[in-house]
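Here the structure comes first, spelled out in structure tokens, and everything after it is commentary.
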Amino acid sequence: MEMLEAEQEDRALAQAIEWIARLVAFDTTSHRSNLALIQDVEAYLDGFGITSTRVSDTRGEKANLFFSVGPHVEGGVILSGHTDVVPVTGQAWSSDPWVVEARDGRLYGRGTADMKSFIAIALSAVPRMLQAGLKRPIHFALSYDEEVGLLGAPAMIDRLRDAIPAPAAVIVGEPTDMKAVDRHKGIIGLRTTVTGHEAHSSQTHLGASAIMAAIPLLAKIDELARRAAAASSPDRDLTPPHTTLTVGLIEGGTAPNILARTCRFIWDIRPAPHDDPEALLAEFEACAAEVEAAMRERFAECAIVTERLSYAPALGARPDGAARSLVAALTGANASEAAAYVAEAGQFQAAGFDAILCGPGSIAQAHQPDEYIELSQVAACVRFVDRLIEALAR
Ligand SMILES: [Zn+2]
């Protein structure tokens with residue numbers, strides 16, 4: 001009996017590894033189409049008579065995919081992951097990043113850690129899910145464009161709310177070393193464009209420098225950043241333990257002796273789960289309105305416009321939530337951690353789902369050349385999925 005179980009475990013692990021290689025082989029770098037991967041998954045599901053739903057981007061070049069295994073009832077679990085990966089351009093790889101190579105007890109390849117292994121392990125378990133006679137369903141939610149501003153998932157999450165009976169929990173399989181991660185920061189990406197009035201730089205009374213006008217705006221961001229850093233945080237596990245604001249890019253002016261007509265800067269707010277980024281943004285906007293009004297008194301064309309480039313909400317902890325207790329039961333560990341990065345779990349939570357992060361591999365390997373996942377992590381995730389199947393078949 002024990003022998004048989006060990007054999008079954010070995011076979012499950014081998015199938016998982018096969019699927020990891022199968023998914024890594026698709027170059028789904030975010031700027032490319034992920035449709036070949038999606039088609040492969042659809043064809044695999046067809047073989048089991050499982051129907052799936054695509055939620056495509058507007059150009060039809062990329063798609064999210066969701067489907068369910070098991071009965072159409074409430075109380076299921078969504079397993080979610082992004083299909084896209086970051087570029088390998090300019091990175092020194094020891095082997096082909098799109099061909100999984102096993103060495104030193106690891107699997108090397110782009111996306112092995114972040115985060116095709118989780119998806120592959122779950123997909124490889126579909127036959128076992130079907131055999132188990134699930135009483136509550138396992139839903140899959142595969143997204144695109146996560147690595148370029150978490151752009152893909154929201155449309156799918158929207159559809160999921162109506163398409164499936166309310167699930168108990170969402171597990172987003174970002175690499176957490178199979179630990180429960182129940183909070184992460186959010187992000188609002190912003191671009192502010194200041195339009196001034198050109199003149200010779202000796203004639204400051206005849207123009208309005210967009211760069212000079214940007215200075216109080218930048219000072220405001222600095223002030224907000226310092227205040228956020230000084231605030232006592234409810235969560236010391238976040239790195240750093242507070243909301244951050246910073247300017248990443250700035251450009252403006254055409255010559256040293258011309259008062260700049262435009263100045264543009266790209267900045268972001270990364271709110272801690274319990275902070276309100278909209279309040280910070282409103283304070284910035286009030287400052288910008290004041291500066292703009294003063295400029296406009298002199299030149300009507302002057303303007304300050306701030307656009308949102310990206311938005312993803314933070315994930316806040318729900319210590320008594322179903323997701324937290326499910327992952328604790330499946331991993332046998334009660335502790336939870338906070339992630340330094342932004343993930344799709346916050347988007348699920350904002351849509352009313354109880355979401356948590358838990359997946360194989362280490363975030364330290366993500367986005368690196370020679371990205372890898374430890375085989376022990378793959379095995380741990382296979383066991384995790386099998387325990388989930390058992391729990392939902394009970
Ligand atoms: Zn990821």
Side-chain angles (χ1 to χ4, degrees), residues 19-20 23-24 26-32 34 37-38 41 62-66 78-89 91 97-98 100 107-123 140-154 156-157 170-187 189 238-239 270 310-315 323 327 337-350 353 355-374 377-378 380-381 384:
W19 261 100
I20 293 170
L23 293 186
V24 167
F26 295 102
D27 175 358
T28 51
T29 307
S30 305
H31 67 267
R32 298 174 61 113
N34 73 334
L37 183 153
I38 294 296
V41 174
K62 299 171 186 177
N64 299 295
L65 189 76
F66 70 83
I78 297 180
L79 302 180
S80 179
H82 59 85
T83 61
D84 61 320
V85 294
V86 294
V88 295
T89 322
Q91 293 188 338
W98 312 110
V100 165
L107 300 176
Y108 287 84
R110 170 56 85 226
T112 48
D114 187 13
M115 57 171 289
K116 284 178 168 169
S117 290
F118 177 77
I119 299 172
I121 291 162
L123 284 171
F140 285 67
L142 312 182
S143 71
Y144 65 89
D145 276 358
E146 193 271 350
E147 298 287 6
V148 287
L150 299 95
L151 304 174
M156 170 171 61
I157 293 170
V170 181
I171 300 170
V172 179
E174 289 285 352
T176 66
D177 295 303
M178 294 310 297
K179 290 176 184 153
V181 169
D182 65 357
R183 56 248 197 249
H184 63 66
K185 286 182 185 172
I187 186 167
L238 289 165
T239 318
R270 292 173 182 255
S310 62
Y311 170 71
L315 175 71
V327 168
E337 297 181 354
Y341 51 87
V342 188
E344 290 166 339
Q347 295 174 323
F348 275 103
Q349 186 176 70
F353 294 95
I356 197 161
L357 301 175
C358 183
S362 165
I363 195 67
Q365 291 308 316
H367 305 197
Q368 300 289 325
D370 288 346
E371 177 180 348
Y372 67 81
I373 187 165
E374 300 280 357
Q377 282 288 302
V378 177
C381 187
F384 178 89

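On a predicted model such as this, the values are computed, not experimentally measured, just so you know. Each ligand, and each atom within it, is numbered from 1 in the order the structure gives.
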Side-chain (D114) to main-chain (Q365) donor-acceptor, under 3.5 angstrom: no
Sequence-distant partners of Y108, ring-ring contact (aromatic ring centres under 6.0 Å, His included), two or more places apart: Y372
Atoms (protein N, O or S; no water) under 2.8 Å from the Zn ion (ligand 1): 4
Short side-chain to backbone donor-acceptor contact, T28 and N34, under 3.5 Å: no
D27: partners by salt bridge (charged side-chain N to carboxylate O under 4.0 Å, His left out), with sequence neighbours left out: R32
Distance, nearest 0.5 Å, that separates CG of D177 from CD of Q377: 5.0 Å
ring-ring contact (aromatic ring centres under 6.0 Å, His included) partners for F26, two or more places apart: none
